[in-house]
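Written out below as structure tokens is the structure these notes cover.
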Protein chains: 2
Amino acid sequence: MRSEDIAKLAGVSRSTVSRVINNYSNVPEATRAKVLQVIEQYQYEPNSFARALAGKRTDTIGLFAISMNEKENATRIYQNSYFAPIVDLVVDTANARGFYVLIHTVYSPGDFQKIKQAFLQKRIDGGILVGTQKDIELVRELVSQEAPLVLIDYDISEIMAERLNKNHLAVINSMDYEGTVEAIEYLIQLGHREIGIIKGRMNTFSGRERNMAYENTLQKHGLPLVEDFILEGDFLKETAYREAARLALGGKLPTALFSSNDDMAISAMEAFSEHGISVPDQLSIIGFDDVQLAARISPKLTSVKLPIDDMAKAAVEKVIGLCNAEEPTFSTVSFPARLVIRDSCKPAGN
Amino acid sequence: MRSEDIAKLAGVSRSTVSRVINNYSNVPEATRAKVLQVIEQYQYEPNSFARALAGKRTDTIGLFAISMNEKENATRIYQNSYFAPIVDLVVDTANARGFYVLIHTVYSPGDFQKIKQAFLQKRIDGGILVGTQKDIELVRELVSQEAPLVLIDYDISEIMAERLNKNHLAVINSMDYEGTVEAIEYLIQLGHREIGIIKGRMNTFSGRERNMAYENTLQKHGLPLVEDFILEGDFLKETAYREAARLALGGKLPTALFSSNDDMAISAMEAFSEHGISVPDQLSIIGFDDVQLAARISPKLTSVKLPIDDMAKAAVEKVIGLCNAEEPTFSTVSFPARLVIRDSCKPAGN
DNA sequence: CTGAAAGCGCTTACAG
DNA sequence: CTGAAAGCGCTTACAG
């Protein structure tokens, strides 16, 4: 069934059928009704490729998760507590707005080609990019394509600043710096003076922000950065577990630990528990992200809530906006990240 | 940049360019090389819509998650431990095979229309459907469209049996019945005679299978089905928590409990713990699915491992196979589900 | 208000 | 081995 068939059946031309489908105003109600009736009756659906080829939009947006340079088992990206909610909200929000979403994961530069293709082949109207920015070069390539693009968790200053206003581009971030400050000051207020950190991946905007806020806040309050209490991490639980175990065996413990995300905080708690270190009695812990699991473990984890839902929703609204925009626009939004206090912290020294 | 431009640049016709792109054999190596060189140089990508319109495939498969009739907060479908791994494996497997994947969630009949459209509008070559089969009518509608379709966790007997071999269709299941039998017999072997169940959603194939296996196995071993120990559930943690709390307050406890999935088992454990009932000392628990969390809680949950990864991978291979198949074919596969023994069960009566 | 016609960018018999 | 031409199913100036 093609528009031609509908036209014949309704006794009009293909042009008119097209006008009805596209909701043009210059069609008399009677004609419109007749055409719609036939369309309805035959369950006609215009071929999306023909429409797109003739200049219409694809009504599809891309969601691309970059996961390069991670361990082999990083294959489980969508089970990750960071990506899963993004997929969730992006799909739902886009669907609700009448868009399909095309998903592709980037594990290798080859995969990255596929997402460039998705744009070049005009499979999508616009895309959302989320992931580490280690491969910022590739991201820049994408930006330079000038297609509607939204970046989640990227450092604006690193993205071809000179071109920013020539693009249909938006960047969505969370206020990780402020959230971390709130967490560290909460600990300080509880009397902690020896505060450690499990760092996140440094090729990530949020990883750097959280670390910088940690360092700056300690310094601001005249507290020392003690090397033994600074654990290298990569946002993954395995590393955090190993590092926490090492700390536990090292003998000297901080009285509080800020973990750059919940996954690592929870693994560290497991490690401490196995080494007979009690949280929060001997060691207070704060995580970041506030994943579902945070409130389900014992003790319940105090954590900085990442506004991931808001970010994902905003990302979709932004791409759609960018797809509709005539002029190139660049914009950036940051959503606040607030501390959620639960049971994993105690006043120091008792 | 269109194929015409490439043709001019390479000094050949569009036909030849097309032949090169589609890897036809009747192009001399020299010509092919020349064309490829130009394509490479200009980073040309054929427009996917034009190709599709001219009869080529879309190289896109659909992944549709049905989540109708669930609570409002079911919005979090992709964070669900059942769907998340499916998304993961489907996307990865499809991407690795050179396919894009289009995702759409079905919360309402309206959404269901969108997925029918995805087929009718020829946006995808084939699709994978997963979710409750309460709305089997809608699924049948889809099946009758004759497009390549793979169903995960559906009761074959309910799907238009008469048409089965006229379709490009495949059904992928897990051997939940056998897995549940293994779990129940393990409990019986541990000496348990009072074994309860938290039921899953009965509009789900796996929900019914798990329940039936539970009942049959008890009966086979001459054990009674005691009503107080049969808790209604729906695979969601809230309900399980409530039911478990009710059981705890009821006074009379079974000595073992089979939960139709891990999410519910874990929530029940929380409820029991809060009511001072110790697992496994006072009550043994077995879950189903073997989600990541199962091995991370304490005590570690004994569970029947759902071969969800295998199922998801197989689903992708199947759709791709169906897309390539000339003749309609129907096939069905079931993957074994085996018991993984951890720490949440103890011998009865000590 | 409406139809005939051109065009979107490919692929694929067809003819040579 | 290769090009000219028709066709895939739409949309959209253009003319009336």
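Chain letters run A, B, ... following the sequence lines, proteins first and then strands; every chain starts at 1.
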Any [X] side-chain N or O less than 4.0 Å from OP1/OP2 of [N]:
{"X": "A:Ser3", "N": "D:dT11", "result": "no"}
{"X": "B:Thr31", "N": "D:dT2", "result": "yes"}
{"X": "A:Thr16", "N": "C:dC1", "result": "no"}
{"X": "B:Asn22", "N": "C:dT11", "result": "yes"}
{"X": "B:Tyr44", "N": "C:dG9", "result": "no"}

Just how far, in rounded Å, is [atom2] of [N] from [atom1] of [X]?
{"X": "A:Gln121", "N": "C:dC10", "atom1": "CD", "atom2": "P", "answer": "10 Å"}
{"X": "A:Lys8", "N": "D:dC10", "atom1": "NZ", "atom2": "P", "answer": "13 Å"}
{"X": "A:Arg14", "N": "C:dG7", "atom1": "CZ", "atom2": "P", "answer": "14 Å"}
{"X": "B:Leu120", "N": "D:dG9", "atom1": "CG", "atom2": "P", "answer": "14 Å"}
{"X": "B:Ile21", "N": "D:dT2", "atom1": "CD1", "atom2": "P", "answer": "15 Å"}
{"X": "B:Asp5", "N": "C:dG9", "atom1": "CG", "atom2": "P", "answer": "9 Å"}
{"X": "B:Glu4", "N": "C:dT11", "atom1": "CD", "atom2": "C1'", "answer": "14 Å"}
{"X": "B:Arg2", "N": "C:dG9", "atom1": "CZ", "atom2": "P", "answer": "6 Å"}

Under 4.0 Å between any heavy atoms, over every strand shown, what does B:Asn26 touch: base, sugar-phosphate, or nothing? Just pick one. base
Check for a donor-acceptor pair, side chain of [X] on one end and backbone N or O of [Y] on the other, with a separation under 3.5 Å.
{"X": "A:Asn23", "Y": "A:Arg19", "value": "no"}
{"X": "B:Tyr100", "Y": "B:Ala94", "value": "no"}
{"X": "A:Asn22", "Y": "A:Tyr24", "value": "no"}

Assess whether a salt bridge exists between A:Lys8 and A:Asp5, defined as any Lys/Arg side-chain N lying under 4.0 Å from an Asp/Glu carboxylate O. no
Is the shortest distance from a Lys or Arg side-chain nitrogen in A:Arg97 or A:Glu317 to a carboxylate oxygen in the other one below 4.0 Å? yes
Out of C:dG9, C:dC1, D:dC10, which nucleotide sits closest to the side chain of A:Pro28? C:dC1
With respect to the side chain of B:Tyr24, which nucleotide from C:dG9, D:dT11, C:dT12 is positioned closest? C:dT12
Regarding A:Thr58 and B:Arg123, do their side chains bring together a donor and an acceptor under 3.5 Å, going by distance alone? no
Could you verify whether a donor N or O on one side chain and an acceptor N or O on the other, from A:Asp92 and B:Tyr107, lie under 3.5 Å apart? yes
By nearest-nucleotide position on DNA chain C, the 5'-leaning member of B:Pro46 and A:Val12 is A:Val12
Pull out every protein N or O sitting under 3.5 Å from an N or O of nucleotides 13-16 of chain D, one pair per line with the distance.
unit_1, atom_1, unit_2, atom_2, d
D:dA13, N6, A:Arg19, NH2, 3.4

Under the side chain to side chain donor-acceptor pair (under 3.5 Å) test, which residues partner B:Thr31, sequence neighbours left out? none
When rounded to the nearest 0.5 angstrom, what distance separates OG in A:Ser108 from CD1 in A:Ile66? 11.5 Å
Does the plane of the ring in A:Phe64 sit parallel, tilted or perpendicular to the ring in A:Phe119? Use 30° and 60° as the thresholds. tilted
Secondary structure of DNA chain C per the Watson-Crick/G-U criterion (both distances under 3.5 Å; [ ] crossing, | other strand, . unpaired) is |||.||||||||.|||
